[in-house]
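A short worksheet on the structure shown next.
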Amino acid sequence: MKKNELKAWTVWDWPVRLLHWSLVLTVVSAWILGGRSGRLGEWHEWLGYAAAAVVVLRLIWGACGSRYARFRQFVRAPRFTLRYGRQVLHGEAPRYLGHNPLGGAMVVLLLGCVGALSLSGWLYTTDWLWGYEWLYQVHFVLGWLLVGLVALHLVGVVLTGWQHGENLVRAMLTGRKAAPQNDDVA
């Protein structure tokens with residue numbers, strides 16, 4: 001295998017993978033340590049700030065990072081994404097080397113939800129809005145919305161991996177996927 005062939009197989013660079021797994025770690029840890037008070041509450045807050053920082057870094061990398069890291073490469077118009085969703089349901093969806101249109105929409109939804117969750121959590125700690133029950137409820141609902149989005153994301157990873165015969169978790173660990181063939185979208 002030649003060096004340039006190996007490079008063609010690299011899809012997700014190390015910043016994308018590092019930010020992805022950092023977000024997984026901070027969100028899962030914050031969820032486990034969630035709560036309104038006590039020592040664990042402080043950890044929950046700091047993990048929320050860390051998750052917010054990861055979202056900001058991913059937004060920056062999505063604007064100026066490598067080809068498959070850039071949002072313009074994988075974020076599609078809703079009409080296009082819905083058409084792709086119908087293709088998935090009929091078993092006719094093409095394989096994408098990077099994120100497919102549904103995966104791109106999920107990236108936007110997940111980053112937006114984590115960002116809103118971090119913002120609502122921070123606002124709840126400010127003197128201005130501390131103790132407001134409605135803000136706690138917003139944060140609570142966003143937390144459960146995130147759980148639902150993560151579940152959909154995992155279903156999408158499994159379904160897409162099964163339909164195209166590839167291990168997407170391994171790809172997010174190594175950054176590599178099989179090179180595009182025939183009708184694949186690179």
Side-chain angles (χ1 to χ4, degrees), residues 1-31 47 49-115 117-118 146 149-186:
M1 188 175 329
K2 297 177 185 173
K3 188 173 183 177
N4 63 348
E5 288 175 334
L6 212 106
K7 187 171 184 172
W9 292 9
T10 300
V11 179
W12 293 304
D13 57 17
W14 69 266
V16 167
R17 298 188 325 267
L18 177 66
L19 292 169
H20 176 272
W21 294 113
S22 295
L23 196 58
V24 169
L25 181 65
T26 56
V27 166
V28 169
S29 298
W31 180 265
L47 288 163
Y49 299 143
V54 172
V55 169
V56 168
L57 291 171
R58 182 60 181 98
L59 292 175
I60 292 168
W61 196 243
C64 63
S66 63
R67 176 182 178 186
Y68 292 105
R70 291 182 184 227
F71 294 123
R72 72 174 183 221
Q73 196 276 332
F74 62 83
V75 175
R76 303 281 187 243
R79 186 181 77 232
F80 190 86
T81 303
L82 291 172
R83 187 174 75 212
Y84 179 80
R86 285 190 296 274
Q87 290 176 311
V88 169
L89 291 175
H90 291 94
E92 302 167 351
R95 175 181 173 260
Y96 279 72
L97 197 59
H99 286 93
N100 64 46
L102 286 173
M106 185 55 72
V107 168
V108 171
L109 289 171
L110 287 167
L111 291 175
C113 190
V114 172
L117 200 56
S118 298
L146 183 59
L149 289 173
V150 167
L152 279 175
H153 174 58
L154 294 173
V155 167
V157 166
V158 170
L159 178 64
T160 302
W162 175 73
Q163 284 186 334
H164 299 295
E166 60 188 346
N167 185 334
L168 294 176
V169 174
R170 182 177 63 219
M172 190 50 77
L173 289 168
T174 66
R176 299 177 197 271
K177 290 177 77 176
Q181 301 172 22
N182 304 331
D183 297 332
D184 291 351
V185 180

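Numbering starts at 1 and runs along the sequence shown.
Nearest heavy atom pair, residue L168 against residue V157, reads CD1-O, 3.6 Å. Listed here is the closest heavy atom pair of H20 and M172: ND1-CG, 3.6 Å. A pairwise comparison of heavy atoms in P94 and Q87 identifies CD-OE1, 3.7 Å as the closest pair. Across all their heavy atoms, R72 and R76 have their closest contact at O-NH1, 3.9 Å. Across every non-hydrogen atom of L111 and V55, the tightest pair is O-CG1, 3.9 Å. What you find for V88 and Q163 is that their closest heavy atoms are O-NE2, 3.3 Å.
The closest side-chain heavy-atom distance from L47 to W31 is not below 4.5 Å. Counting heavy atoms from C-beta on, the side chains of Y49 and T26 never come closer than 4.5 Å.
The structure places SG of C113 at 8.5 Å from CG of L109, a figure rounded to the nearest 0.5 Å. Atom OH in Y68 sits 4.0 Å away from atom CG in L97 (nearest 0.5 Å). Separation of atoms CG (L19) and CG (D13) is listed at 9.0 Å; rounding is to 0.5 Å. Rounded to the nearest 0.5 angstrom, W162 CH2 and N167 CG are separated by 16.0 Å. One distance of note links CE of M106 with CG of N100; it measures 10.5 Å at 0.5 Å rounding. Taking CG from L152 and CG from L159, the interatomic distance works out to 11.5 Å, rounded to the nearest 0.5 Å.
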Show, in sequence, the C-alpha distance, side-chain angles and deciding distance for V16 and W61, and conclude whether the side chain to side chain contact (heavy atoms under 4.5 Å, CB included) test is met.
CA-CA 8 Å; V16 167; W61 196 243; 3.7 Å; yes
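Listed for the H90 side chain is a donor-acceptor partner under 3.5 Å among the backbone atoms of R86. Although no hydrogens or angles enter the test, the distance criterion places no donor-acceptor pair under 3.5 Å between the side chain of W12 and the main chain of K177. Although no hydrogens or angles enter the test, the distance criterion places a donor-acceptor pair under 3.5 Å between the side chain of R58 and the main chain of A69.
Taking the six-membered ring for Trp and the full ring otherwise, the centers of Y96 and F74 sit at least 6.0 Å from each other.
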